[in-house]
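Read the structure below first, then the notes.
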Amino acid sequence: MLNQQAISNRISNTEKSARTFCLDKLQRQFLINQIKPLKKINVPTLKYSIEAEELVEWILEKLSNDEIQKVSTMLRIAQKRSADIRPLIGTIALSLLKK
(Lines give C-alpha, C1' and ligand atoms only; values in the text may rest on other atoms or scores of the structure.)
Protein backbone atom coordinates (compact mmCIF):
# COMPACT_ATOMS: atom_id res chain seq x y z
CA MET A 1 0.00 0.00 0.00
CA LEU A 2 1.29 3.46 -0.92
CA ASN A 3 1.92 5.99 1.78
CA GLN A 4 0.71 9.60 1.59
CA GLN A 5 4.06 11.03 0.46
CA ALA A 6 4.38 8.56 -2.42
CA ILE A 7 0.87 9.45 -3.59
CA SER A 8 1.60 13.17 -3.46
CA ASN A 9 4.88 12.63 -5.38
CA ARG A 10 3.03 10.75 -8.14
CA ILE A 11 0.42 13.50 -8.40
CA SER A 12 3.15 16.14 -8.49
CA ASN A 13 5.03 14.32 -11.27
CA THR A 14 1.83 13.92 -13.27
CA GLU A 15 1.05 17.62 -12.96
CA LYS A 16 4.60 18.57 -14.03
CA SER A 17 4.47 16.35 -17.09
CA ALA A 18 1.04 17.74 -18.03
CA ARG A 19 2.35 21.33 -17.72
CA THR A 20 5.45 20.46 -19.74
CA PHE A 21 3.33 18.86 -22.46
CA CYS A 22 1.09 21.91 -22.59
CA LEU A 23 4.09 24.25 -22.79
CA ASP A 24 5.70 22.19 -25.55
CA LYS A 25 2.45 22.23 -27.48
CA LEU A 26 2.18 26.02 -27.11
CA GLN A 27 5.77 26.53 -28.26
CA ARG A 28 5.22 24.32 -31.29
CA GLN A 29 2.06 26.23 -32.16
CA PHE A 30 3.92 29.53 -31.74
CA LEU A 31 6.60 28.36 -34.20
CA ILE A 32 3.96 27.31 -36.70
CA ASN A 33 2.15 30.64 -36.40
CA GLN A 34 5.37 32.64 -36.83
CA ILE A 35 6.91 30.74 -39.74
CA LYS A 36 3.97 29.74 -41.95
CA PRO A 37 2.97 33.28 -43.03
CA LEU A 38 6.44 33.78 -44.54
CA LYS A 39 5.68 31.36 -47.42
CA LYS A 40 9.30 30.95 -48.63
CA ILE A 41 12.55 31.27 -46.71
CA ASN A 42 15.91 31.93 -48.36
CA VAL A 43 18.87 30.21 -46.77
CA PRO A 44 21.88 32.53 -46.41
CA THR A 45 25.23 31.57 -47.99
CA LEU A 46 23.52 28.84 -50.00
CA LYS A 47 21.53 29.27 -53.17
CA TYR A 48 18.62 27.48 -51.56
CA SER A 49 15.11 28.38 -50.54
CA ILE A 50 12.60 26.32 -48.61
CA GLU A 51 8.83 26.45 -48.23
CA ALA A 52 7.64 27.61 -44.81
CA GLU A 53 5.44 24.57 -44.19
CA GLU A 54 8.31 22.24 -45.05
CA LEU A 55 10.64 24.12 -42.71
CA VAL A 56 8.13 23.95 -39.84
CA GLU A 57 7.77 20.19 -40.27
CA TRP A 58 11.52 19.85 -40.47
CA ILE A 59 12.09 21.90 -37.31
CA LEU A 60 9.52 19.93 -35.33
CA GLU A 61 10.98 16.64 -36.58
CA LYS A 62 14.69 17.33 -36.10
CA LEU A 63 14.91 19.55 -33.01
CA SER A 64 14.49 18.41 -29.43
CA ASN A 65 12.01 20.06 -27.06
CA ASP A 66 14.78 22.12 -25.47
CA GLU A 67 15.99 23.36 -28.85
CA ILE A 68 12.43 24.22 -29.88
CA GLN A 69 12.07 26.18 -26.65
CA LYS A 70 15.27 28.12 -27.40
CA VAL A 71 14.15 28.88 -30.95
CA SER A 72 10.74 30.08 -29.82
CA THR A 73 12.42 32.27 -27.17
CA MET A 74 14.66 33.83 -29.83
CA LEU A 75 11.65 34.50 -32.03
CA ARG A 76 9.76 36.09 -29.14
CA ILE A 77 12.70 38.37 -28.35
CA ALA A 78 12.99 39.42 -32.00
CA GLN A 79 9.26 40.02 -32.11
CA LYS A 80 9.38 42.21 -28.98
CA ARG A 81 12.10 44.32 -30.58
CA SER A 82 10.03 44.63 -33.77
CA ALA A 83 12.87 43.02 -35.72
CA ASP A 84 12.46 41.07 -38.93
CA ILE A 85 12.48 37.35 -38.17
CA ARG A 86 13.35 36.22 -41.72
CA PRO A 87 17.15 36.31 -41.17
CA LEU A 88 16.79 34.38 -37.91
CA ILE A 89 14.61 31.74 -39.54
CA GLY A 90 17.04 31.56 -42.48
CA THR A 91 19.87 30.91 -40.03
CA ILE A 92 17.84 28.17 -38.35
CA ALA A 93 17.22 26.57 -41.75
CA LEU A 94 20.96 26.78 -42.52
CA SER A 95 21.83 25.05 -39.25
CA LEU A 96 19.33 22.28 -40.04
CA LEU A 97 20.92 21.80 -43.46
CA LYS A 98 24.39 21.57 -41.91
CA LYS A 99 23.29 18.98 -39.27
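Everything numeric in this text was worked out from a predicted model, so none of it was measured. Atom set for the values below is all heavy atoms of this structure, side chains included, hydrogens, waters and symmetry mates excluded.
- The distance from atom CG of L31 to atom CG of L26, rounded to the nearest 0.5 Å, is 11.5 Å.
- N65 pairs by the side chain to side chain donor-acceptor pair (under 3.5 Å) definition with D24, R28, not counting sequence neighbours.
- Rounding to the nearest 0.5 angstrom, the gap separating the CZ atom in F30 from the CD atom in Q79 is 4.5 Å.
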Only distances under 3.5 Å count here; give the side-chain donor-acceptor pairs of residues 90-98 to other protein atoms, sequence neighbours excluded, each with its distance to 0.1 Å.
{"residue": "T91", "atom": "OG1", "partner": "P87", "partner atom": "O", "Å": "2.8"}
{"residue": "S95", "atom": "OG", "partner": "I92", "partner atom": "O", "Å": "2.7"}

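- The two atoms that bring L38 and R86 nearest to each other are O-NH2, 3.3 Å, heavy atoms only.
- Scanning for side-chain contact (heavy atoms from CB on, under 4.5 Å) contacts around E51 gives K40, E54, with sequence neighbours left out.
- Among V43, I41, I59, V56, the single residue meeting the side-chain contact (heavy atoms from CB on, under 4.5 Å) criterion with I89 is I41.
- You'll find the side chain of I50 reaches within 4.5 Å of the side chain of W58, heavy atoms only.
- Applying the salt bridge (charged side-chain N to carboxylate O under 4.0 Å, His left out) definition to pairs two or more places apart or across chains, none involves residues 71-81.
- Residue pairs meeting the salt bridge (charged side-chain N to carboxylate O under 4.0 Å, His left out) criterion with at least one member in residues 57-72, sequence neighbours excluded, are E67-K99.
- Under the rule for a side-chain contact (heavy atoms from CB on, under 4.5 Å), the partners of E53 that lie at least two apart in sequence or sit in another chain are K36.
- The minimum heavy-atom distance linking P37 with I32 is given by the pair CD-O, 4.2 Å.
- Under the 4.5 Å side-chain heavy-atom criterion for Ile, Leu, Val, Met, Phe, Trp and Tyr, I77 and I68 are members of distinct hydrophobic clusters.
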